[in-house]
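Protein chains get the first letters and strands the later ones, always in sequence-line order, with residue 1 at the start of each.
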There are 2 protein chains.
Amino acid sequence: MRYELYYWPSIQGRGEFVRLALEAAGAAYVDVARRPAKHGGVPALLKLLNGRALKHPPFSPPILKAGKLIIAQTANILFYLGGRHRLAPKDEAGRLWVHQLQLTLADFLGEIHDTHHPIAGSLYYEEQKKEAARRAATFVRERAPKYLGYFERVLARNHSNKHLVGKSLSYADLSLFQVVAGLHYAFPRMMRRLGKKHPRVMALHDAVARRPKIAAYLASRRRIPFNQQGIFRRYPELDR
Amino acid sequence: MRYELYYWPSIQGRGEFVRLALEAAGAAYVDVARRPAKHGGVPALLKLLNGRALKHPPFSPPILKAGKLIIAQTANILFYLGGRHRLAPKDEAGRLWVHQLQLTLADFLGEIHDTHHPIAGSLYYEEQKKEAARRAATFVRERAPKYLGYFERVLARNHSNKHLVGKSLSYADLSLFQVVAGLHYAFPRMMRRLGKKHPRVMALHDAVARRPKIAAYLASRRRIPFNQQGIFRRYPELDR
């Protein structure tokens, strides 16, 4: 089966967490909205989002088509893929634990997004710069250390020390990699300081980046570069 | 087995979504932090949050102890309870769909919270009133109609029309009930207008409230009243 991923074509965004899982699994997939319009493109994404015939309409992308299944919500898609591609433990306790970590990463990601959009996603950054400065200050001072400290603790308590869960790669590892990579891009100054305090988190980021399938993906055109339209944006005035 | 729920004792908050599922299921549970300190209380919650021996530390409450399992993240707890207490379909497609709806409700809830706390959870509302007014305006005008419209559409496309998923109660129905109840409390003016436009959502709210187990719960002391410390707060200046 070839998966179909539907996500905005110009940003990593939340779709990137799904791409990383598909790439790590070596799964066959089409990144539909990145294809030319005659083979999909954004029209295909919009059709799926607005389709009136869909019994289970998604609220927003990313959306994964897996055979007859149409699954939305990043963590939900990863839960599904994790069970199919050995990116999560098989036992119930392990599956719930990986999912719990993923949902905590989703909360972290929401707060990262809101550093530059604290008022409304429908407004430009320039229209909420003042509020963003205030929100980002708290993020840098309180929230980022709290989340990174949490994941450092989880790694320290796992015997393997190299993965969040057990002895092998899970989708939560991939997602933590992505969040750390994004923070390096968006908050380089903060990360120079926080990186030293969270050596296990940084080591996990580096180890994931070195995995052959992930390294090949990151070097490929399939990886959209970080940019100023995504969740992670580099505004030096927010990185103090 | 008697479940143990750990959540802040003075607010409904995210714990309420778990309480509603436990109540609808008729499950035996202890609301640990609401007991006197000698039988639990907040010290027991803090111990669980800060416990250094815990292999799977939670980031924040609610936390559910189910035998040896310690589960955090609201949607994750509901996924677990849904499978055990017939609050979700048994087949994979159905379980993923209910979870997808729950995660969308979690996004909605996050935006509701941020109407009064757009800058930082660690600051008082009074310290971010100006920003809150701006954020709430967008919420009332764009976001609330978008989310309510979405759930109205999901109900319209489900044959039963009375539940979000299939023909019986799921944890997503309970959560949608709670969100609508909270919006009635926090944004009565907005809801007078939006209620009329979303009759199926309002009917689901009413039907859940009338279910014998839920009605008994809502009338009991176990239900903490809405108040100005929770996620749903009534600030008339935000409800325009």
(request) Using non-hydrogen atoms and a 4.5 Å limit, figure out which bit of B/Leu103 sits close to chain A: side chain, backbone, both or neither. (result) both
(request) Between chain B and each of A/Val154, A/Leu101, A/Thr104, count heavy-atom pairs under 4.5 Å; write down the option with the most. (result) A/Thr104
(message) Heavy-atom pairs under 4.5 Å with chain A - which of B/Arg143, B/Lys146, B/Arg153, B/Glu111 has more of them than the others?
(response) B/Lys146
(request) Identify which part of A/Leu96 has an atom lying under 4.5 Å from any heavy atom of chain B, answering side chain, backbone, both or neither. (result) both
(request) Let me know if B/Tyr150 has heavy atoms under 4.5 Å from chain A in its side chain, its backbone, both or neither. (result) side chain
(message) Give the interface residues of residues 164-183 of chain B toward chain A, defined by a heavy-atom separation under 4.5 Å.
(response) none
(request) Among B/Gly110, B/Ala106, B/Ser122, B/Ser60, single out the residue with the greatest number of heavy-atom pairs under 4.5 Å to chain A. (result) B/Ser122
(request) Heavy-atom pairs under 4.5 Å with chain B are the metric here; pick the option from A/His56, A/His99, A/Lys130 that has the most. (result) A/His56
(request) Using a cut-off of under 4.5 Å on heavy-atom pairs, state which of A/Ala120, A/Pro57, A/Pro118 scores highest against chain B. (result) A/Pro57
(message) Out of B/Ala72, B/Ala53, B/Ala93, B/Ala156, return the one with the most heavy atom pairs under 4.5 angstrom to chain A.
(response) B/Ala72
(request) Look at B/Glu92 together with A/Arg84 and state whether they make a salt bridge at an N to O cut-off of under 4.0 Å. (result) yes
(message) Quick check on the structure: residues of residues 45-52 of chain A within a heavy-atom distance below 4.5 Å of chain B, by number.
(response) A/Gly51, A/Arg52
(message) Is there a side-chain contact between B/Glu131 and A/Arg134 in this structure, where contact means two heavy atoms from C-beta onward sitting under 4.5 Å apart?
(response) yes
(message) Please evaluate residues B/Gln128 and A/Arg135 with respect to the criterion side-chain contact (heavy atoms from CB on, under 4.5 Å), reporting the C-alpha separation (whole Å), side-chain torsions for both, the decisive distance (0.1 Å), and the verdict.
(response) CA-CA 10 Å; B/Gln128 50 197 311; A/Arg135 175 136 191 170; over 6 Å; no
(message) Return the CZ to CG distance between B/Phe59 and A/Leu105, rounded to the nearest 0.5 Å.
(response) 10.0 Å
(request) Under 4.5 Å heavy-atom distance to chain A, tell me which part of B/Tyr147 shows up: side chain, backbone, both or neither. (result) both
(request) May I ask you to check whether over 12 heavy atoms, not counting those of B/Arg193, lie within 6.0 Å of atom CZ? (result) yes
(request) Can you tell which part of B/Lys68 gets under 4.5 Å to a heavy atom of chain A, answering side chain, backbone, both or neither? (result) neither
(message) Just so I know, are the side chains of B/Asp107 and A/Gln73 near enough to count as touching, which here means a heavy-atom distance under 4.5 Å?
(response) yes
(request) Measure distances from B/Leu123 to the heavy atoms of chain A and classify the residue's part below 4.5 Å as side chain, backbone, both or neither. (result) side chain
(request) Verify whether one side chain among A/Gln102 and B/Asn76 offers a donor that lies under 3.5 Å from an acceptor in the other. (result) no
(request) Identify which of B/Arg95, B/His159, B/Glu127 forms the greatest number of heavy-atom pairs closer than 4.5 Å to chain A. (result) B/Glu127
(message) For the interface with chain B, which of A/Arg157, A/Lys55, A/Glu142 has the highest count of heavy-atom pairs at distances below 4.5 Å?
(response) A/Arg157
(message) Can you tell me which portion of B/Gln100 sits under 4.5 Å from chain A's heavy atoms? Options are side chain, backbone, both or neither.
(response) both
(request) Measure B/Thr138 against the heavy atoms of chain A and call it side chain, backbone, both or neither at under 4.5 Å. (result) side chain
(message) Which one wins on heavy-atom pair count under 4.5 Å against chain B: A/Gly121, A/Pro58, A/Ala75, A/Ala136?
(response) A/Pro58
